[in-house]
Amino acid sequence: MGLVHEIDYGTPASKAEKQVTLTVDGFSVTVPEGTSIMRASMEAGIQVPKLCATDMVDAFGSCRLCLVEIEGRAGTPASCTTPVAPGMVVHTQTSRLKDIRKGVMELYISDHPLDCLTCAANGDCELQDMAGAVGLRDVRYGYEGDNHVRAKNDGVQNFNWMPKDESNPYFTYDPSKCIVCSRCVRACEEVQGTFALTIEGRGFDSRVSPGAHELFLDSECVSCGACVQACPTATLTEKSVIQIGQPEHSVVTTCAYCGVGCSFKAEMRGEELVRMVPWKDGKANRGHSCVKGRFAYGYATHKERILNPMIREKITDPWREVSWEEALTHTANEFRRIQYQYGRAAIGGITSSRCTNEETFLVQKLIRQGFGNNNVDTCARVCHSPTGYGLGQTYGTSAGTQDFDSVEYTDVALIIGANPASAHPVFASRLKKRLRAGAKLIVIDPRRTEMVKSAHIEAAHHLALKPGTNVAVVTSLAHVIVTEGLFNEAFIRERCDWAEFQDYAEFVSDPRHSPEEVEKLSGVPAETIRGAARLYATGGNGAIYYGLGVTEHSQGSTTVIAIANLAMLTGNIGRRGVGVNPLRGQNNVQGACDMGSFPHELPGYRHISGDAVRDIYDSLWGVKLDNEPGLRIPNMLDAAVEGTFKGIYIQGEDILQSDPDTKHVSAGLAAMECVVVQDLFLNETANYAHVFLPGSTFLEKDGTFTNAERRINRVRKVMSPKNGYADWEVTQKLAQAMGLNWNYQHPSEIMDEVAKTTPSFANVSYEFLEKMGSVQWPCNEKAPEGTPIMHIDGFVRGKGKFIRTEYVATDEKTGPRFPLLLTTGRILSQYNVGAQTRRTDNVMWHDEDRLEIHPHDAENRGLRDGDWVRLQSRAGETTLRALVTDRVSPGVVYTTFHHPDTQANVITTDFSDWATNCPEYKVTAVQVAPSNGPSEWQKEYNEQAHQSRRIAGRLEAAE
Amino acid sequence: MSLDEHRASTRDKIIRMANQIATFFHSKPREEGIAGTAEHINKFWEPRMRRHLFEIIDAGGDGLDELVLAASSTIRRPADAAA
């Protein structure tokens, strides 16, 4: 096996079309214009010694080790900063160069500890490598002079020495090993875009400094780890490497956090994970990562992970550990009993957006084939179901139109209801890079997010709208574009239905959609709306990126349609740099939707009522599929409360914490007779479960995830499942216990079945993925190597469809009792319900949810920063601590939902999107008042949770 | 919550959801709006939900948007047996 080695070309690739040929050490090499001599040499297989250069950042030219000689040119230019020229003749090794390099290395080593044998970078140190490469045998200067290495020189305090900074939970900064190459500083700027690091001082006093001479943890550092990856020595090192040692083999796999779907090398020693390193060839992340993907994998071995199946008769009983066989037989018997007693449709299941495509496919197959109904849903119900509906209606397919690389060609980015810097950090870094290169940005968000203004980026327009007015504002953008004649008539005539456009143009032109009218209800100044519309329509390639701030509303689907209209109006669809891009929440929420997790459609978004589609499965699976749509998650809960839905199989989803109106969810779960939860931990939903099946992590199984750009990425097993089985095996065993004749030996066989039955996946196989690395669906006869950009020559549905988008105010209105609007979101270090990230050191950045409130609203209520407050809506109340900030406007409050103690969903209501029942998380009318501590509900809830987590035979509850 | 209250809240929810759909389709031409409302409910509503809807319609349709009532003849009536 061995480590996956990646070549460091020293400087980034040039995108130039024109090719240049030169000679390096007698070899002829042809590279794009603008390439550095260093990179060209590496292309030819010749590695010029280097320290300050690495291909993730631009050339810097400080270490003076990569010098070369060029025939006809004087001196010894640095090969990293010197571009190639036609006919150039380069020598990388001459006696002059050898002497210079040796001299440079002597200076470096004279101020460096000589503890190589006990150094964490031993075996992975570029300084060591270069000392070897230049043939360093002696250091003429000795080691006794001024240095940064020793705390004391001859018993006297050495003020040049600095102690290690171990404040960051995942890596250490040891200044004594720093060679001041600036690679970390440049990685923070160029790759991550945070600008947390700098070089302080001059000359011999130069030091890497987080913030203004702060500790890493106290600085602006977001712990993405790019600096650690860039560091050529042991100055910045993963604590895991310090503890374990260097890895001996690595496996390329896909991150299981957000929808960006970053590729990583899992670097291993045996079955122990040493570190995660982003893979340069990963097409979603291009070698970058965030704090979650790179560092927050400790939950996989957390002590609270449940490794044995458990059952109990009543939810008030303690859990009883049982064998897999007993748990599965019990579950199968219960499900069959319930169906016999209450009808075939009395059970259902929920697929997991955290599990693989193959696992999701199996769960929906179990439900359709084994349960004999279509009561299957997935967490996309509560996030991007409106995207499916809206883009399906307008364009004919329900997924983002671009790949992430497309952002490199965007001139105007329009972000609506999304905060990629927190929720999709690696994409945010790629976008920020483009913004720093001159692209313009428009942000539509009630809150002043990091994207609106942060280091070296600033939105041209921020439309800080009142929550719930998306449709009005986006339709008003269309009003400006149509009434000012900024639409792309040629595109519309060619690609869209002209009559529908005329109808839409007439609709949006009405004065009620004018910015002046919309200002009255949205609070966005008319001039800002006009400015944003003009910029998007005329600023070059316009790309829309949107998130749950769009979908999680009563009119979520309507806003998606409005967005699709906007892109069609301006011709911003069907080429790179443009498009409509939903930023999907979970790692495989796209895949879960693709795999037929919705109750009304089979894999590949084909409606269940289609006879021809059902026939495919009827003949393959040997059953007659129900042709009626099944229940969606909220409908399942309604039916449970009503008494017609009695059993549920939930794989990797915590509906009690993540779904709105907690009291309604718990009432529904409590009304069921058999709740089966398959998860890593006793999550909140498990408080109401009768059967617990332990799940496996992404490190413990083979499969595929599909990210927000429709990219199918391989997940590869790097260690044995601690619970005994991968999740697909558990589902298969349950299916077998229910009498189904399943016999998959490997997930690749499941993907083969998907490909055989789903036209958009026809060419996908593990063999093909092995060859291609990854592929974006549709991938079939028409697009043999996949589809990076959709709708290039026309829309999937034929003509693009303009649809009227009338604004309807949500029923959730403020009034005297509930005068503020609550909206919700995420933070960088935590992930969704926090089940994983709360069980890692990421809690050091965010250990509780806080309520953001404007100073004006806080003062009216006598609240100070950090005070406990009671947050109350018509659905319920909870308490948390206030964070007074003007990031939110007066009248708006905001919180995250990562901690179960907060119970933010006790507050959210059962209002939902008109088309898909996606809950209206983003608008709840609330009141905020001072409080002394947790509410009665929180206390009762904690007591119930504590009771329900008892495991018989163990002294302590599992959590 | 008592059983009666549950029935009342189910009824309110069905009415609210149906009316939300109708509200969207009001912005379409009349015939398209009727067809769209019926199609949407047929495509996405499980038989139990449609059965509740028809209970309301059969009892006079109190509280329902008139577009839902206009569409009701093309909304599929679920089979009698509990699905």
Side-chain angles (χ1 to χ4, degrees), chain A residues 342-346 348 372-375 377 385 389 393 471 500 503-504 507 554-555 557-558 561 598-601 607-609 626-632 634-636 638-645 663-664 667 671 803-811 910-917, chain B residues 1-33 35-55 63-65 67-68 71 74-83:
Chain A
Y342 302 100
R344 189 157 49 104
N373 62 46
N374 293 310
N375 293 332
D377 207 354
S385 52
Y389 180 81
Q393 292 290 311
V471 171
E500 280 166 355
D503 173 73
Y504 177 72
F507 166 77
S554 287
Q555 280 199 291
S557 292
T558 315
I561 292 169
F598 286 137
H600 64 280
E601 57 197 8
H607 199 272
I608 191 78
S609 62
D626 188 357
N627 65 353
E628 284 278 14
L631 294 167
R632 300 170 286 196
N635 313 140
M636 289 182 198
D638 290 342
V641 170
E642 174 192 284
T644 61
F645 189 81
K663 289 179 181 177
H664 182 65
I803 300 175
R804 290 184 174 211
T805 52
E806 189 71 69
Y807 167 68
V808 182
T810 169
D811 291 335
D910 63 353
F911 284 164
S912 65
D913 174 47
W914 67 269
T916 66
N917 274 168
Chain B
M1 224 191 260
S2 74
L3 202 59
D4 279 350
E5 280 173 318
H6 272 308
R7 288 207 183 103
S9 99
T10 306
R11 189 190 135 85
D12 289 350
K13 222 179 238 184
I14 292 283
I15 292 172
R16 187 170 78 222
M17 282 162 51
N19 289 355
Q20 270 185 298
I21 294 167
T23 303
F24 177 82
F25 285 103
H26 270 302
S27 66
K28 303 231 176 188
R30 181 71 185 169
E31 285 312 306
E32 222 182 293
T37 304
E39 192 202 353
H40 193 89
I41 291 175
N42 285 333
K43 267 176 98 166
F44 297 102
W45 282 30
E46 201 254 6
R48 261 168 281 193
M49 300 165 68
R50 301 205 310 271
R51 192 168 298 122
H52 284 306
L53 178 66
F54 276 107
E55 282 164 16
L64 283 175
D65 190 298
L67 194 59
V68 180
T74 37
I75 298 175
R76 263 201 333 276
R77 222 173 241 276
D80 275 344

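This one's a predicted model, so the numbers in the text were calculated from it and none came from an experiment.
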Reported [atom1]-to-[atom2] distance for the pair [X] and [Y], which is rounded to 0.5 angstrom:
X: B:E32; Y: A:D503; atom1: CD; atom2: CG; result: 8.0 Å
X: A:D638; Y: B:I14; atom1: CG; atom2: CD1; result: 7.5 Å
X: A:S912; Y: B:R16; atom1: OG; atom2: CZ; result: 6.5 Å
X: B:M17; Y: A:N635; atom1: CE; atom2: CG; result: 5.0 Å
X: B:N42; Y: A:H600; atom1: CG; atom2: NE2; result: 13.0 Å
X: B:S9; Y: A:E642; atom1: OG; atom2: CD; result: 9.5 Å

Nearest non-hydrogen partners of B:P47 and A:P629, listed with the distance: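 So the minimum-distance heavy-atom pair works out to CD-O, 3.6 Å.
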Where A:T558 and B:F24 come nearest, the two heavy atoms and their spacing: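 Heavy atoms only, the tightest pair is OG1-CD1, 3.8 Å.
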Does any heavy atom of chain B fall under 4.5 Å from the side chain of [X], the backbone, both, or neither of them?
X: A:N375; result: side chain
X: A:D913; result: backbone
X: A:T805; result: neither
X: A:I803; result: side chain

Side-chain heavy-atom pair B:H40, A:Y389 within 4.5 angstrom cut-off: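 A side-chain contact under 4.5 Å exists here.
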Pairwise side-chain contact, B:F44 with A:F598, heavy-atom cut-off 4.5 Å (strictly under): no
All pairs passing side chain to side chain donor-acceptor pair (under 3.5 Å) where residues 19-28 of chain B contributes a residue, at least two apart: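 Those involving residues 19-28 of chain B are B:H26-B:D65.
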Heavy-atom pair count under 4.5 Å with chain B, highest-scoring of A:D811, A:T916, A:N917: A:N917
Note: B:E46-A:R632 ion pair, threshold 4.0 Å (strictly below):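 Salt bridge: no.
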Those residues that, when tested against A:A639, pass side chain to side chain contact (heavy atoms under 4.5 Å, CB included) (two or more places apart): A:L631, A:T644, A:F645, B:R48
